[in-house]
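This report concerns only the one structure given below.
Source: prediction; values computed, not measured.
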Amino acid sequence: MKIAFVGKGGSGKTTLSSLFIRHLAASRVPVIAVDADINQHLGAALGLDEAEAAALPAMGAQLPLIKDYLRGSNPRIPSSESMIKTTPPGEGSRLLRVGEDNPVYDACVRTVDLDGTAARLMATGPFTESDLGVACYHSKVGAVELCLNHLVDGREEYVVVDMTAGSDSFASGMFTRFDMTFLVAEPTRKGVAVYRQYKEYARDFGVPLKVVGNKVQGPEDLAFLREETGDDLLVTVGHSDWVRAMEKGRPARFDQLEEVNRQALETLHHTADAAYGRRDWERYTRQMVHFHLKNAESWGNAKTGVDLAAQVDPAFVLSEGAATPQPA
């Protein structure tokens, strides 16, 4: 299951995504965590110290390896240089699975210990000083999008992505790559403004969306969120001494998280799991192709010097049963 956490900056989406990842790991569910935010804080939220978080390999730096591996023997993609972030898989492409080992994971994944359980963590990499004025952060996030396009995941297998804040999530078609999107909203006008924007953009693509109210301090906050988000409001989270201690670098064991917040995470898990029954791999593949053709026409053809529409395999539908060639 592919799960996104989105919201405005400071809403608490990274904290909540890290708690959900810890919950999945504690439930012995295989999980890959992906930090796709321009501010790379997910590693720290999962307990890494500053040096460990800084040492995480950057997916953006491994883009040539990622492209070459995923291209496989697909005859429609003669070179990795002709691949862009939206290139869809086809016959002969290599696909990624949550529980496997492969060269992409070898280069980009690090295992994070979580009270005796574990999650695998990937990060796009920070926006560095050398990027200023010459690079777009979305080119780094493109490595995540390309991997999601080639990901085959099943029930009780999770990829949890901490997305970039606010409307930046819509800078590519990646917002359509998820089985469930949890939008973290504070009970403020700014908090719900991102919800309205996301709801509007997501509606045309059938993106499943639920709101997680955060920093809710009482009945008035709850009533405000219910009035502004209606049936999309799934659950709310209030103050947590456990989270406050974690943010100070003194986390207790996860099983000591407050019961009300543990129940909130259970609700997220059940909601995400229920989305499995609504999966439509054909629609998923159509949307993937739609954004690829849009990017090809907008900038991809000019950048690569080839007709990227030719990369689309009209007979291929990504699914759990899709075959992938073995590495040479």
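- The backbone N or O of L42 lies less than 3.5 Å from a partner atom in the side chain of D35, making a donor-acceptor pair.
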Might you work through the side chain to side chain contact (heavy atoms under 4.5 Å, CB included) test for K8 and Q197, ending with a clear yes or no?
CA-CA 11 Å; K8 79 173 185 66; Q197 189 176 34; over 6 Å; no

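- H290 contributes no side-chain N or O that, together with a main-chain N or O of G173, makes up a donor-acceptor pair within less than 3.5 Å.
- Residue pairs that meet the salt bridge (charged side-chain N to carboxylate O under 4.0 Å, His left out) test with at least one member in residues 305-316, sequence neighbours left out, do not exist here.
- Side-chain heavy-atom separations under 4.5 angstrom define the hydrophobic clusters, and the remaining members of the one that includes V312 are V289, L293.
- Using a 4.5 Å heavy-atom cutoff, the side chains of Y195 and E228 are not in contact.
- Here the side chains of V159 and C147 are not in contact, with every heavy-atom distance at 4.5 Å or above.
- Counting heavy atoms from C-beta outward, L70 and L96 have side chains that approach closer than 4.5 Å.
- Considering only heavy atoms from C-beta on, L209 comes within 4.5 Å of Y198 through its side chain.
- Side-chain contact between H150 and S93: present, with at least one pair of heavy atoms (C-beta onward) separated by less than 4.5 Å.
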Report task. Test Q287 against R177 for side chain to side chain contact (heavy atoms under 4.5 Å, CB included), laying out the working first. Result -> CA-CA 9 Å; Q287 290 178 344; R177 304 293 85 205; 3.5 Å; yes

Under the side chain to side chain contact (heavy atoms under 4.5 Å, CB included) rule, what do N295 and L308 come out as? Steps first, then yes or no, please. CA-CA 9 Å; N295 278 268; L308 295 176; over 6 Å; no

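- Ring geometry for F175 versus F291: interplanar angle over 60°, hence perpendicular rather than tilted (30 to 60°).
- At most 12 heavy atoms of other shown residues, nucleotides or ligands fall within 6.0 angstrom of atom CD in E50.
- Annotation: ring-ring contact (aromatic ring centres under 6.0 Å, His included) contacts of W281 (sequence neighbours excluded): Y284.
- In this structure, K13 contributes its side chain and G7 its backbone to no donor-acceptor pair below 3.5 Å.
- Separation of atoms CZ (R110) and CE (M122) is listed at 10.0 Å; rounding is to 0.5 Å.
- The CE atom of M83 lies 9.0 Å from the CG atom of D68; values are rounded to the nearest 0.5 Å.
- A donor-acceptor pair under 3.5 Å is absent between the side-chain atoms of D162 and the main chain of S17, judged by distance alone.
- Within the 3.5 Å criterion, the main-chain N or O of V109 finds no donor-acceptor partner in the side chain of R120.
- Applying the ring-ring contact (aromatic ring centres under 6.0 Å, His included) test to every pair with at least one member in residues 17-51, sequence neighbours left out, gives these pairs: F5-F20, H23-H269.
- A side-chain donor-acceptor contact under 3.5 Å links Q40 to the backbone of G125.
- Cluster membership for Y105 and V34, using ILVMFWY side-chain heavy atoms within less than 4.5 angstrom, is shared.
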How far apart are the C-alpha atoms of R71 and S82, what are their side-chain angles, what is the distance that settles it, and do they pass the side chain to side chain contact (heavy atoms under 4.5 Å, CB included) test? CA-CA 10 Å; R71 179 172 66 92; S82 66; 5.9 Å; no

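- Using a 4.5 Å cut-off on side-chain heavy atoms (C-beta onward), F254 and L19 make contact.
- Considering CD of E81 and OG1 of T304, their distance stands at 10.5 Å, rounded to 0.5 Å.
- For E282, the CD atom is loosely surrounded, since the number of other residues' heavy atoms within 6.0 Å does not exceed 12.
- No salt bridge links E157 with R97; every basic N to acidic carboxylate O contact stays at or beyond 4.0 Å.
- Using a 4.5 Å cut-off on side-chain heavy atoms (C-beta onward), R279 and D153 make contact.
- Rounding to the nearest 0.5 Å places CZ of R196 at 10.0 Å from CZ of R189.
- Using a 4.5 Å cut-off on side-chain heavy atoms (C-beta onward), V141 and T164 make no contact.
- A donor-acceptor pair is defined here as one N or O able to donate and one able to accept, closer than 3.5 Å; such a pair exists between the side chain of T285 and the backbone of L318.
- Separating the CG atom in L16 from the CG atom in L265 is a distance of 7.5 Å, to the nearest 0.5 Å.
- Residue pairs meeting the salt bridge (charged side-chain N to carboxylate O under 4.0 Å, His left out) criterion with at least one member in residues 283-301, sequence neighbours excluded, do not occur.
- Evaluation of the salt bridge (charged side-chain N to carboxylate O under 4.0 Å, His left out) test over residues 230-252, restricted to residues two or more places apart or in two chains, returns K199-D232.
- Listed for the E258 side chain is a donor-acceptor partner under 3.5 Å among the backbone atoms of W242.
- Remark: the backbone N or O of M1 is not paired with any side-chain donor or acceptor of D179 at under 3.5 angstrom.
- By the 6.0 Å contact criterion, CD on E52 is enclosed, its count of non-hydrogen atoms from other residues, nucleotides or ligands being greater than 12.
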